[in-house]
Amino acid sequence: TEREFQEGLWKDNCEPSALLFVREIPRQRIKDGPKRLAKFMDITVDEPLNAEAQELLTGLKSRLYATSKKILNLHCVELGKGSIDPKRKEHAQYLDSICQQFVSQMTTRIRATVGPLVGRRWMKTWGSTEKDEEDLDWMVEEVRQHSAMATKLSKDLHGRDGLLGKICITLWESTTIHHGPLVVHSAAGMGKTTLLCKLAQEMQGVLEARAVLVIRLLAANHPQKPNINHVLHSICLQVCLACGLTPPPLLSVSSHLELRRFFQNMLEDVSRQGKTLLIILDSLEQLADEHQAHKLHWLPTDIPPNVYLLVSMDTTSEAFANMRLKLGAAANLFEVEPLFYDEGEQVMESYLRASQRTLTGVQKDVVLQSFKNTGSPLHLKLILSAAKRWTSFTPSAELVLGASAQEVMSGLLLKLEEKHGKELVSGTLGCIVLARRGLLEAELRDVMSLDDDVICEVYKYSLPPTPSLIRLPPLLWARLKWDLKDQLEERWTEGVAVIAFNSRLLSEVVKAHYLTPQRRGRIHRILAEYFLGRWSGKLKPAALPGLTLLLSDRKVPPQPLWFAAGLANVRKLQELPYHLLHAGLWEELRQEVIGSAEWLYCKSRVCGVSSVISDLDQCFKYMNCSETGLVRDALILMKPSLDVLSGHMGRCGLAGTFWPIWVGSG
C-alpha cells in the first residue's frame with residue numbers, strides 16, 4: 001500500500017489530481033478482539049496485533065496528514081462485530097458521507113479538467129443550434145483521435161525515403177495547376193497507413209503556417225466501417241471551421257448528392273482564398289457499402305490549385321480497380337513495395353531498443369529469415385512481438401515463427417490457449433470481434449462471467465470461493481490482457497474507452513480460428529442477454545464439474561433504457577439490436593426494439609433517426625418481417641420532419657405515428 005502511495009500520490013507531484021480517504025478506528029473494544037478485526041488489521045499467527053505493521057501504518061498516516069491536508073477526507077467510525085453494517089444508523093451515515101464527498105469532488109475535478117470546448121465559441125459566430133454544437137463536438141473529438149493516432153504510427157516508419165520523396169515532388173509540382181488525386185496502394189500489411197502518417201508529419205513542416213491538414217484513417221474503427229456521408233461531412237466541417245467558410249448543413253438533413261456537391265465547391269472556395277489544403281484518406285476499401293462508396297463517384301478527379309488529395313487502398317480491392325478506371329492513364333499511382341532485408345534489420349533493432357530487449361545473433365537470424373519471405377512490416381512486427389519473449393537460453397527448436405502474418409497470429413492463439421485455457425481465450429477474443437463497437441473492459445469481464453463454458457473451465461478443479469456468487473476472477477483477465485498488450489488497443493467512442501484489436505488481420509484470424517456458426521450464435525446470445533439485463537439481480541444456473549446444477553448470482557449490472565431523466569443507456573442502444581438479430585432472438589427483438597415506442601423515441605433522440613432506420617433496415621433484410629418494413633418506411637417518410645424538430649418531438653407524438661402499424665400487426 002505504501003508503494004502505491006509513493007507511485008500514485010507523491011511521485012511527480014500527482015496530488016492535485018488525487019483524492020484521499022482515510023478511515024480511523026478510534027478504539028478497539030475488548031470483546032472485539034484481534035481475530036474479529038482481522039479484515040482490517042494485521043495480526044500474527046498467535047492472534048495479537050502485528051506491532052511492526054501497526055507502527056509502519058501509523059508512520060504512513062502521519063506523513064499523509066502532514067503533507068496532504070488539502071485532499072484529505074478523514075472519517076472515524078467504530079466497527080460493529082468486526083465489520084461495517086449499513087443497517088446501523090452511524091454506519092449508514094458514514095457510507096452516505098463518503099459517497100457524497102467522492103461524487104462531489106470527482107465532479108469538480110472532471111469539470112475543471114474538461115472545461116468548455118473552444119469549438120462551441122466558434123460555432124456561436126454562425127448562430128448555431130444545439131444540434132450544430134453536438135456535430136462540432138464529435139468532429140473535434142474525431143480530429144483529435146485521428147491526429148494522435150497518426151502521430152503515434154508515424155514513429156514506426158523505417159526506410160521508404162525514396163517513395164516519400166516521389167510523393168512530395170508530385171505534390172509540389174501540382175501546386176499551381178489543376179490535377180487529380182494521388183493514390184498509394186499495396187497488398188495488405190505493407191505499411192500504407194504508416195507511410196501516410198509519416199507523410200502528414202513531414203508535410204506539416206514543409207507547408208506554410210496557414211495550411212490546413214486533414215487526415216482520416218478509415219480503418220481505425222474496424223470492424224465497424226465508416227459511412228461515406230459521415231466522412232465527407234466531418235471533413236467539410238473541419239475545413240470550413242479552419243478556413244472561415246460557411247459550414248455544411250446538418251448531416252441528418254443532407255443527402256449524399258448535396259454532400260458531394262458541397263465537398264467539391266468547398267475545395268474550389270479554399271483554392272480561391274489562396275490557402276493550402278492537404279486531405280489524406282487512408283484505406284478507402286474500408287468504407288461501408290452505402291451510396292456505392294467503393295465506386296468512388298464521390299471522389300473528385302479535378303483538384304484545384306493549392307489543394308491536395310492523397311488516398312490509399314488495397315491493390316486487390318474493388319475500390320482500387322474502380323480508381324484505375326476513373327483516372328485512366330493520368331493516374332498518379334504509388335505502390336508500397338516489400339521492405340528490403342537491411343530495412344527489416346533496422347526495424348528490428350529499433351523495436352528491440354524501444355522494448356528494452358535484445359536477441360542473440362542466432363535469434364536475430366531466425367527473425368530476419370522468416371521476415372525475408374514476405375517483406376511485410378506487419379509480419380515483422382508480429383514476429384518481434386513473439387520474439388521479445390524469448391530468453392537467451394530458449395532452445396533453438398522452440399524458435400518457431402510463421403511464414404506469414406496469419407501463421408504468426410495462429411501460433412500466438414495456440415500459445416495463449418495453452419497458458420490461459422481454450423474457452424477463456426476463444427470466448428474473450430470472440431466477444432471483442434463480435435461486439436458492434438467494441439466492449440468496455442468492465443463489460444467484457446461481465447460477459448465472461450455469464451459464459452458458462454468459460455466459468456466451467458475456470459472452476460474445473462476447484463469450486464468458487466462463494467458458490468452463490470460466481471464471477472470470472474479478475475486476475476485471469478489481467479494475465480490474458482498482459483499477453484495481448486501488443487494486439488489490443490483502447491478506442492474512444494461516444495465518450496467511453498472500448499477494447500478492440502489494433503489489426504484487421506487479427507480479427508480475421510480469430511473469426512477463422514474460433515467463430516464457427518454455432519459459437520458465433522452463442523456469443524451473440526450471451527451479449528444480447530447481457531444488454532437486455534436478463535441476469536441482473538437473478539440467479540443463473542451453471543453445471544460445474546462435480547455438481548449437477550448450481551444457481552448463482554453473476555453480479556452483472558441492470559440495463560435500463562434510461563439511467564436517469566435525459567441520460568440514455570447509449571451502449572444498450574448501440575449493441576442490443578445487433579446481437580438480438582444475429583442471435584436469432586427475433587421475438588425479443590420485436591418486443592424490445594421494433595415494437596417499442598420508448599425504444600424508437602430514445603434511439604432517434606440520442607443516436608439520430610438515420611441510426612434507427614439503419615437498424616430496422618438490417619432487421620428487415622434478415623427477418624423478412626413486413627411490420628419491420630412498415631416501421632422503417634414510416635420513419636424514412638418522417639425523417640425530414642423529425643430532423644427539423646431535432647429531438648423536440650415527444651413520446652406521445654412518436655407513438656401516435658406508429659399506432660396504426662402496431663394495431664395492424666396485432
Side-chain angles (χ1 to χ4, degrees), residues 8 14 17-19 102-103 106-107 109-115 117 119 134 136-153 193 197 215-226 230 234 286 427-450 471-472 474-504 506-507 510 523 526-527 530-531 556-559 563-564 567-576 578-579 606-607 611:
C14 295
S17 61
L19 296 180
F102 179 81
V103 170
M106 280 295 294
T107 302
R109 280 163 171 74
I110 291 171
R111 284 176 177 164
T113 302
V114 174
L117 280 174
E134 290 177 3
L136 180 72
D137 285 351
W138 63 250
M139 187 278 293
V140 170
E141 182 60 30
E142 186 174 50
V143 170
R144 185 183 295 119
Q145 289 179 19
H146 285 274
S147 298
M149 204 177 309
T151 301
K152 179 181 177 182
L153 289 174
T193 302
C197 292
I215 184 167
R216 293 292 185 273
L217 308 178
L218 302 181
N221 291 322
H222 65 86
Q224 184 185 356
K225 295 190 173 185
H230 175 97
S234 171
Q286 290 302 309
T428 303
L429 302 189
C431 283
I432 294 175
V433 168
L434 293 181
R436 192 176 194 177
R437 297 197 178 183
L439 287 174
L440 278 70
E441 191 167 342
E443 290 173 346
L444 185 58
R445 291 197 301 266
D446 288 338
V447 172
M448 288 298 96
S449 298
L450 290 174
R471 293 275 300 176
L472 176 75
L475 183 60
L476 298 187
W477 159 243
R479 292 170 62 225
L480 179 58
K481 182 183 176 183
W482 174 261
D483 286 341
L484 282 167
K485 63 180 180 179
D486 291 338
Q487 284 72 42
L488 296 178
E489 67 180 9
E490 275 193 350
R491 295 183 193 152
W492 284 89
T493 174
E494 301 291 345
V496 295
V498 298
I499 295 175
F501 294 127
N502 58 16
S503 165
R504 294 197 311 273
L506 181 55
S507 298
V510 168
I523 292 177
I526 294 171
L527 287 165
Y530 173 72
F531 286 106
V556 293
Q559 295 285 350
F563 289 123
L567 183 60
N569 186 346
V570 178
R571 292 290 299 156
K572 179 173 183 174
L573 294 173
Q574 291 172 339
E575 297 285 338
L576 182 59
Y578 178 77
H579 296 299
V606 175
C607 303
S611 176

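Along the sequence shown, residues carry numbers from 1. These numbers come from the heavy atoms of this one structure, side chains and all, not from hydrogens, waters or symmetry mates.
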Exercise. If you look at every heavy atom in M448 and C431, which pair is closest and at what distance?
Worked result: CE-SG, 3.5 Å
For this session: Please check if the side chain of E575 supplies one atom and the backbone of R436 the other of a donor-acceptor pair under 3.5 Å.
Result: yes
Problem set entry | Min side-chain heavy-atom separation D446-R471 under 4.5 Å | yes
Seminar exercise, completed: Nearest heavy-atom contact between A497 and L440 is O-CG, 3.8 Å
Exercise. Are the side chains of R216 and V143 in touch, meaning some heavy atoms are under 4.5 Å apart?
Worked result: yes
For this session: List for me each residue that meets salt bridge (Lys or Arg N to Asp or Glu O under 4.0 Å) alongside E489, sequence neighbours excluded, and say none if there are none.
Result: R491
Seminar exercise, completed: Closest non-hydrogen atoms of L153 and T193, given as atom of the first, atom of the second and distance, are CD1-CG2, 3.8 Å
Exercise. Would F531 and Q574 satisfy side chain to side chain contact (heavy atoms under 4.5 Å, CB included), going step by step from the backbone distance to the final call?
Worked result: CA-CA 10 Å; F531 286 106; Q574 291 172 339; over 6 Å; no
Problem set entry | Atom pair CD1 (I523) and CD1 (I432), whose distance is rounded to the nearest 0.5 Å | 10.5 Å
Problem set entry | Within-4.5 Å side-chain heavy-atom neighbours: V496 and V570 | no
Exercise. Where is the tightest heavy-atom contact between A18 and R109, given as atom of each residue plus distance?
Worked result: O-NH2, 3.3 Å
Problem set entry | Qualifying residues under side chain to side chain donor-acceptor pair (under 3.5 Å), relative to S449, sequence neighbours excluded | none
Exercise. Looking at OH of Y530 and CG of L444, how far apart are the two atoms once the value is rounded to the nearest 0.5 Å?
Worked result: 9.5 Å
For this session: Kindly compute the distance separating CZ (R144) from CD (E142), expressed to the nearest 0.5 Å.
Result: 11.5 Å
Problem set entry | Donor-acceptor under 3.5 Å (H146 side chain, L217 main chain) | yes
Exercise. For Y578 and L434, which heavy atoms make the closest approach, and how far apart are they?
Worked result: CE2-O, 3.3 Å
Problem set entry | pair E441-W477: side-chain heavy atoms closer than 4.5 Å | yes
Exercise. Mind checking whether F501 and L429 have side chains closer than 4.5 Å, heavy atoms only?
Worked result: yes
Exercise. Is it true that atom CZ of F563 has more than 12 heavy atoms of other residues, nucleotides or ligands lying nearer than 6.0 Å?
Worked result: yes
Problem set entry | CG-CG distance between L506 and D486, expressed to the nearest 0.5 angstrom | 11.5 Å
For this session: Examine distances only and state if a side-chain atom of T151 and a backbone atom of S147 form a donor-acceptor pair shorter than 3.5 Å.
Result: yes
For this session: State, with a plain yes or no, whether a side-chain heavy atom of R571 is found less than 4.5 Å away from one of Q559.
Result: no
Exercise. So V498 and L439, side chain to side chain contact (heavy atoms under 4.5 Å, CB included) or not? Walk me through it.
Worked result: CA-CA 5 Å; V498 298; L439 287 174; 5.8 Å; no
